[in-house]
Amino acid sequence: MIDVDAAPFAFPLDPGHVALVVIDMQRDFLEAGGFGETLGNDLTPVKEIVPTVAALIALFRARGWLIVHTRENHAPDLSDCPPAKRLRGKPSLRIGDPGPMGRILIRGEPGADIVPALQPQAGEIVLDKPGKGMFYATDIGETLKTMGITQLVFAGVTTEVCVQTSMREANDRGYECLLIEDATASYFPAFKQAAIEMIRAQGAIVGWTTPLAALLRALA
Ligand code: TIU
């Protein structure tokens with residue numbers, strides 16, 4: 001075990017059983033004309049974390065540790081998109097509508113792909129998920145179990161939506177979860193801060209949080 005300085009107390013990282021999960025760093029959430037912007041959001045905070053997420057990915061690659069990249073998306077016929085999700089709110093474009101990067105959040109369209117700076121490499125898992133959480137309607141639980149993974153380090157967007165949902169799902173399934181604070185972002189900085197605090201409150205009720213620098217120090 002390697003102790004990583006974290007809140008609310010040190011995270012006991014187990015090198016043989018840890019994986020990185022990069023949540024939904026897709027063009028549809030980071031680039032103009034995508035789902036995030038159609039919901040009325042300012043993209044600045046989510047774009048800012050790309051270099052930090054890239055450094056975190058490089059760290060796991062250098063160690064040869066498993067990396068999972070998730071993508072929130074739907075089948076072209078929308079059979080895995082509940083009407084309640086598609087019809088929610090008043091976005092300028094809905095899921096499945098044609099936009100400047102293809103159909104919004106549809107599997108295989110340019111907008112649903114991961115941003116160029118964070119493209120997955122061979123041997124890494126790319127997980128398409130129809131929900132906010134990475135375990136809902138996917139086979140990742142079986143895959144991680146087969147690989148002996150017991151700890152998940154989280155990064156990606158958005159902190160309080162898909163990242164927090166995935167961390168809560170993972171926590172309930174018995175994984176120890178560490179969120180890298182500067183490798184996650186929300187369209188709402190106050191929501192990011194609140195999510196970080198609620199994850200690590202009550203003695204790490206959902207998991208631990210720490211900046212990338214602390215993980216780098218622990219692994220130096
Ligand atoms: N990936 C993810 O968080 N999906 C969202 O829809 N997030 C929002 O904050 N809208």
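In each ligand, atom 1 is the first atom listed, and ligand 1 is the first ligand listed.
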- Shortest non-hydrogen contact from S166 toward M134: OG-N, 3.0 Å
- Item | Identity and separation of the nearest protein heavy atom to atom 4 (N) of ligand 1 | E72 OE1, 2.9 Å
- Message: Is there a polar contact, in the sense of an N or O pair closer than 3.5 Å, between V161 and ligand 1?
- Response: no
- Query: Taking N or O atoms only and a 3.5 Å limit, does K132 qualify as a polar contact for ligand 1?
  - Reply: yes
- Starting at CZ of R173, measure out to CG of L144 and round the result to the nearest 0.5 Å. 10.5 Å
- Look at atom 7 (N) of ligand 1 and say which protein heavy atom is nearest, naming residue and atom and giving the distance to 0.1 Å. T158 OG1, 3.4 Å
- Note on the structure: Value for CG (D3) from CG (L13), rounded to nearest 0.5 Å, stands at 9.5 Å
- Item | Test: D24 and K129 ion pair at under 4.0 Å | yes
- Might you work through the side chain to side chain contact (heavy atoms under 4.5 Å, CB included) test for V157 and M25, ending with a clear yes or no? CA-CA 6 Å; V157 296; M25 291 297 285; 3.8 Å; yes
- Structural part of L39 in contact with ligand 1, heavy atom criterion under 4.0 angstrom: side chain
- Message: Testing the basics here: between I23 and C162, what is the closest heavy-atom pair and its distance to 0.1 Å?
- Response: CG2-CB, 3.6 Å
- Which of the ligand 1 atoms, numbered from 1, are nearer than 4.0 Å to a heavy atom of V157: 1 (N), 2 (C), 3 (O)
- Ligand-side contact atoms (ligand 1) for residue partner F35, heavy atom cut-off under 4.0 Å: 6 (O)
- Geometric N/O contact N41 with ligand 1, under 3.5 angstrom: no
- Task: Enter the distance from I205:CD1 to R200:CZ here, rounded to the nearest 0.5 Å.
- Result: 14.5 Å
- Identify the protein heavy atom lying closest to atom 2 (C) of ligand 1, giving its residue, its atom name and the separation to 0.1 Å. C162 SG, 2.7 Å
- Message: So for ligand 1, is I23 a polar contact partner (N or O within less than 3.5 Å, distance only)?
- Response: no
- Task: Using a 4.0 Å heavy-atom threshold (strictly under), name the region of D24 that reaches ligand 1: side chain, backbone, both or neither.
- Result: side chain
- Using 4.0 Å as the upper bound for N to carboxylate O, is an ion pair formed by D97 and R86? yes
- Starting from atom 5 (C) of ligand 1, which protein heavy atom do you reach first, and at what distance in Å? F29 CE2, 3.5 Å
